[in-house]
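Note: hydrogens, waters and symmetry copies are ignored here, and every other heavy atom, side chains too, is used. We're numbering straight along the sequence, starting at 1.
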Amino acid sequence: MNKKEGFTSKIGFVMAAAGSAVGLGNLWRFPYLAARYGGGTFLLVYLILAVTFGFALMMTEIAIGRKTGKSALSAFSVLNKKYTFVGYLACVVPCVIFPYYCVIGGWVTKYLATYLIGQGKAAAGDNYFTGFISLAGEPVIWLLVFMLMTMFVVIMGVQKGIEKASKIMMPVLVVLSVIIAIYSVTRDGAMAGVVYYFKPDFSKFSVSLVFAALGQLFYSMSLAMGIMITYGSYMGKKDDLESSVHQIEFFDTLIAFIAGLIIIPAVFAFSGGDQSVLNSGPSLMFITLPKVFDSMGMGTVIGVTFFLLVLFAALTSAISLMETIVSFIEEKTTWGRTKASIIVAIVSMLIAIPSALGFSIWSHIQVWGLSILDFFDFLSNSVIMPIVAFFTCVFAGYIIKPKAIVDEVESSSKFKSKKLYTVMIKYIAPIFIIMIFFSSILKGLGIIDF
């Protein structure tokens with residue numbers, strides 16, 4: 001097999017990894033959680049968790065990838081054959097997530113196209129979204145369009161595809177988000193939303209808030225998906241690992257933070273801060289926001305800009321998911337990148353079609369009361385990912401020991417936070433992950449809601 005391709009620079013790695021971390025969850029889930037849990041209080045808790053819990057897990061995964069030069073499928077086996085199963089579990093996660101993520105990416109692509117042809121008013125209609133996903137053919141077509149865009153970048157390779165695309169899309173994503181945020185906060189009535197977003201309300205501090213912040217951080221940073229291990233394997237041996245992780249966290253948190261500045265003030269301007277509007281969950285993006293844009297001047301322009309932003313966020317995450325699967329295949333077969341990418345796209349397309357049709361002709365098919373798409377989301381995010389993360393902590397904390405990670409970090413730079421890292425990975429992070437696991441299961445079963 002040919003020598004493994006890697007990123008050409010540290011900034012290329014950071015942009016690609018940050019692009020993976022910045023996804024749809026940053027743009028709709030973070031704002032409505034912040035709105036629900038007292039604005040500034042949620043922001044403060046999230047930030048503390050990001051620089052402790054999130055830092056420790058991301059550092060572990062990237063260091064394991066760089067140390068072994070392997071994807072998650074093989075990395076654990078290289079370091080300790082008894083923990084090969086963790087690599088295989090990590091391999092399952094992107095295989096489950098990528099197909100249904102492309103379905104949602106197809107919805108985003110459809111909305112961008114709708115605004116580009118000047119149909120923003122139609123998109124703001126009460127039944128536009130449900131009417132669209134209830135169709136049998138159109139959601140599958142947009143799924144295919146999004147899948148092909150993702151496949152094209154992955155086929156181009158790590159340097160010419162992923163790194164180059166990330167270096168373009170990430171800066172554009174930041175600029176677009178800042179432009180829309182400025183427009184949003186300057187609408188009449190929006191400043192009340194800014195105050196609500198920034199001002200801590202400690203009366204809303206609760207265990208549920210911590211669980212919600214933990215869950216959001218866990219999923220937002222692309223942890224326990226094999227992605228950061230795979231991208232770590234492409235990282236240069238001389239690059240500063242610790243500063244890279246801090247930069248990835250910065251970009252991920254920045255986009256989530258700005259998304260809150262886009263959505264919360266806009267909803268306040270539109271509805272006076274109606275909590276039912278802010279708490280509308282996934283429908284916030286496809287039902288509520290088009291109504292908000294329609295109520296604004298320049299609604300079509302803002303709609304185009306916003307859904308282009310969302311499309312870039314969705315694409316950077318989908319690319320990392322597909323690349324991780326392709327990396328697994330390249331390590332275990334003699335297939336080239338192009339063949340592996342095409343086969344992954346075809347198989348993923350077939351797996352994705354039931355999720356795309358789960359709101360139309362297959363809406364009668366439910367698993368534990370969940371639609372097909374929601375079931376795959378529950379299986380990956382609430383069950384498999386916490387299990388992978390827990391065993392990763394056990395592996396780093398007690399099998400290869402924190403010193404193995406510290407040595408890898410210090411092979412290229414000083415590890416300023418190694419004491420914090422050691423405490424987090426051995427004692428704190430496993431407890432947090434157990435909390436995430438049980439709270440996610442209870443939430444998925446409808447026993448608790450946050």
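- Closest of all the heavy-atom pairs between Leu143 and Val103 is CD1-N, 3.7 Å.
- Taking the six-membered ring where tryptophan is involved, the planes of Phe129 and Phe286 are essentially parallel, since the angle between them stays under 30° and well short of 60°.
- Side-chain contact annotation: Tyr421 with Thr60, donor-acceptor N/O pair under 3.5 Å present.
- In terms of modelled atom types and a separation under 3.5 Å, the side chain of Asp407 and the main chain of Ala404 share no donor-acceptor contact.
- Here the closest non-hydrogen pair linking Ile361 and Ala136 is CG2-CB, 4.1 Å.
- For the residue pair Ser244/Asp239, the side-chain donor-acceptor check at 3.5 Å is not satisfied.
- Looking only at atom types and distance, the side chain of Ser380 has a donor-acceptor partner in the side chain of Tyr100 under 3.5 Å away.
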Next on the checklist: As a quick check of understanding, evaluate side-chain hydrogen bond (donor to acceptor under 3.5 Å, both in side chains) for Thr392 and Glu61, giving each step before the final call.
Outcome noted: CA-CA 8 Å; Thr392 301; Glu61 294 194 8; 5.0 Å; no

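- In terms of heavy atoms, Leu33 sits closest to Ala212 at CD1-O, 4.0 Å.
- No hydrogens or angles considered: a donor-acceptor pair under 3.5 Å links the side chains of Tyr219 and Ser440.
- Between the side chains of Lys10 and Ser243, at least one donor-acceptor pair of N or O atoms lies under 3.5 Å.
- Note: Ser20 OG to Leu321 CG = 6.5 Å, rounded to the nearest 0.5 Å.
- Between the side chains of Tyr37 and Ser208, no donor N or O sits under 3.5 Å from an acceptor N or O.
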